[in-house]
Amino acid sequence: MATTTVAQLKDHVDQHVTLQGWLYNSRSSGKLIFLILRDGTGLCQCVIEKGGVPDDLFEQLGRLGQESAVTVTGLCRSEARSVGGYELAVTDARIVGPATDYPITPKEHGIDFLMKNRHLHLRSQRQWCIGKVRHTVIDAIRRFFNDNGFVLVDTPIFTTIAGEGEQTLFEVDYFGRKLHLTQTGQLYLESAAMAYGKVYCFGPTFRAEKSKTRRHLTEFWMVEPEVAYTDLAGLLELGENFVSYIVERVLADNRPQLEELGADIASLEKIRPPFYRLTYTEVVDILTSDRAAKFMADQQVQFETRKAEIEQRITEIEAQDKKGGLKKWQQEKNARELIELRGELAEVDVKIENNPKHAQLAADFRWGKDLGGSDETIISMMHDKPVFVTHYPREAKAFYMRTDRTNDAVVENFDLLAPAGFGEIIGGSVREDDYGRLLGRVHDEGYAPEDYEWYLDLRKYGSVPHGGFGLGVERTVAWISGEKHIRQCIAFPRMMDKVYL
RNA sequence: UCCCCGAUAGCUCAAUCGGUAGAGCGAGCGGCUGUUAACCGCUAGGUCGUAGGUUCGAGUCCUACUCGGGGAGCCA
């Protein structure tokens, strides 16, 4: 008997096959049992008719607990009513590892409960889909660089120097010496770029920032390309081609998962070069403009309208329930809708509360400050494609960024803002290639030049214009899959004050 | 570090003005030959986060604490 996977069933129609998996859900109807089997490649409905298998097996399968490990043998047939389009008419089954009282039921659960059960939650459909998307994103990242002449260079995780800002690093005791966990491979990568021309590093990175938001993890995966002989325009082009390629690959490889996740496929299909290009100064003008004020006010009206709609619907349902005479399934449906509505109401309330604050922050924005998360969200919401923001004030940015030779006040850097409010997924810059200017910046920041001796060396021995950027994997996955929180986009997330497993 | 919200059954949530703690799911038992988070009937399941306070009476009001969620700053 051929053992196969759910994903390969399409090649085994009208054949007897064996599937090895776990019980995702089951329904029974007297003389008929439906088992939804999950095998890591997909879901398949397995039908057991009374008489089709020995009576004692029928009995056992009928009371099999959720997530029991089971192998099932039967005739594979095409079946439109079945999830995935195929089903198995079962002739035999073996219970490999029975399970009872599986904690994650096929109903709603709170995030805390799911995080405490992360080791099991990975089996759930939504997590599974996100994991598949993540896999493709990472594969596309490697493929893109490998196919475009980049050489992989693995940079150290224990590091001696800080890329940007020293207080946000995790300190580790390294045989009595203080080192940090890396927050970027960039400085190392610059030296490698002078050896290979085009390089990239890809690995976990660590930030000790005390950020408790849906966009932050303390440990996340970042890919960083670094290119010799390039300029800002070249980097922007690389960035938009790179991001477009990732999206294209996910659309090609994971359409069913995107659909299951409720991702905005239509807007993903629009992700093609060129992306929007705005300078920081233009962004400041937009933020402080009447247009932005109106945009925020319009948004607030939309939120208020939605709130009113939700409240009205809640009132309707409550009145219905009070009136009575409802069938049990109707009551249950109402209860479910109420829970959903109340959840959405809470979310809208937060938006309504935050909107004026964010509008105020934007309106009061003064040239020279770094853009805040809410400012980026506003800009990103005002555009239907990713937006590059370039030329930030020098004072607000890291010492290694190249000063714009036509305007001393700004540097040749860029952020890429994903659409629909997902915010920054790329940060990058052209690096300062002039020895004197770089040394000056090291002094300005109060850093010890001897700590940066090797980095300065790169400007002594054949310095060339060069630059690169970092792309956050979890943020990219969250944006593409339409998942609100990036903690769902890595198997075992590390957050500021919470490590579950 | 600061601001906002929350904690009630294993899970998700109700409980009107401060007046006897409820529903669905899950679990157990029974029924049903095409179910789609199946459906129908029955059963079990509670120290209302912790400690104080106000009150004839507190899940509900007040204070502190603990834990969780969201946001600001910072950032991928």
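To find a chain, count down the sequence lines: A is the first, B the second, and so on, and within it residues start at 1. The figures that follow rest on heavy atoms only: side chains count, while hydrogens, waters and symmetry mates do not.
Judged as a side-chain hydrogen bond (donor to acceptor under 3.5 Å, both in side chains), and not counting sequence neighbours, the contacts of A/E59 are A/R63. Qualifying salt bridge (charged side-chain N to carboxylate O under 4.0 Å, His left out) partners for A/E209, counting only residues two or more places apart in sequence or in other chains: none. For A/T136, the side-chain hydrogen bond (donor to acceptor under 3.5 Å, both in side chains) criterion is met by A/N254, not counting sequence neighbours. With sequence neighbours left out, A/A69 forms a side chain to side chain contact (heavy atoms under 4.5 Å, CB included) with A/W22, A/V96. Residues satisfying the side-chain hydrogen bond (donor to acceptor under 3.5 Å, both in side chains) criterion with A/Q360, sequence neighbours excluded, are A/D364. Applying the ring-ring contact (aromatic ring centres under 6.0 Å, His included) criterion to A/F145, with sequence neighbours excluded, gives A/F150, A/Y200, A/F242. The side-chain hydrogen bond (donor to acceptor under 3.5 Å, both in side chains) search around A/D92 returns none, not counting sequence neighbours.
In this structure, a donor-acceptor pair under 3.5 Å is absent between the side chains of A/E412 and A/H391. A donor-acceptor pair shorter than 3.5 Å can be found between the side chains of A/Q186 and A/Y400. With no hydrogens or angles considered, no side-chain donor-acceptor pair links A/N413 and A/Y280 at under 3.5 Å.
Looking at heavy-atom distances under 4.0 Å, A/R77 makes contact with a base.
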Protein-nucleotides 8-12 of chain B N/O pairs closer than 3.5 Å?
unit_1, atom_1, unit_2, atom_2, d
B/rC11, O2', A/E108, O, 3.2
B/rC11, O2', A/H109, ND1, 2.5
B/rU12, OP1, A/G110, N, 2.9
B/rU12, O4', A/E108, O, 3.3

Is there any protein nitrogen or oxygen under 3.5 Å from a nitrogen or oxygen in nucleotides 44-47 of chain B, and what are the pairs?
none

Extract from the structure each pairing of a protein N or O with an N or O of nucleotides 5-7 of chain B at less than 3.5 Å, listing the distance.
none

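Using atom P as the reference point in both B/rG57 and B/rG19, the two lie 14 Å apart (nearest Å). Between B/rC65 and B/rA7, the two C1' atoms lie 14 Å apart (nearest whole Å).
For RNA chain B, the neighbouring residues in residues 209-220 of chain A, judged by any heavy atom under 4.0 Å, are A/E209, A/K210, A/S211, A/K212, A/T213, A/R214, A/R215, A/H216, A/L217, A/F220.
The distance from atom CG of A/D415 to atom C1' of B/rC74 is 13 Å, rounded to the nearest whole Å.
Annotation: of the two residues near RNA chain B, A/S29 and A/K498, the 5′-most nearest-nucleotide partner is A/S29.
A salt bridge is defined here as a Lys NZ or Arg NE, NH1 or NH2 lying under 4.0 Å from an Asp or Glu carboxylate O, and A/R81 with A/E79 meets this definition. Using a 4.0 Å cut-off between charged nitrogen and carboxylate oxygen, A/E474 and A/R215 do not count as a salt-bridge pair.
A cation-pi arrangement is present between A/K498 and A/Y500, with the terminal nitrogen or guanidinium carbon under 6.0 Å from the aromatic centre and inside a 45° cone about the axis. Geometric assessment of A/K385 against the ring of A/F275 yields a negative cation-pi assignment under the 6.0 Å and 45° thresholds.
Stem regions annotated for RNA chain B: B:1-7 with B:66-72, B:10-13 with B:22-25, B:27-31 with B:39-43, B:49-53 with B:61-65, counting only runs of 3 or more consecutive pairs of Watson-Crick or G-U type with both contacts under 3.5 Å.
For A/R63 and B/rA27, the shortest distance from a side-chain N or O to OP1 or OP2 is not below 4.0 Å. Dashed line: the shortest gap from a side-chain N or O of A/R27 to OP1 or OP2 of B/rC40 is not under 4.0 Å.
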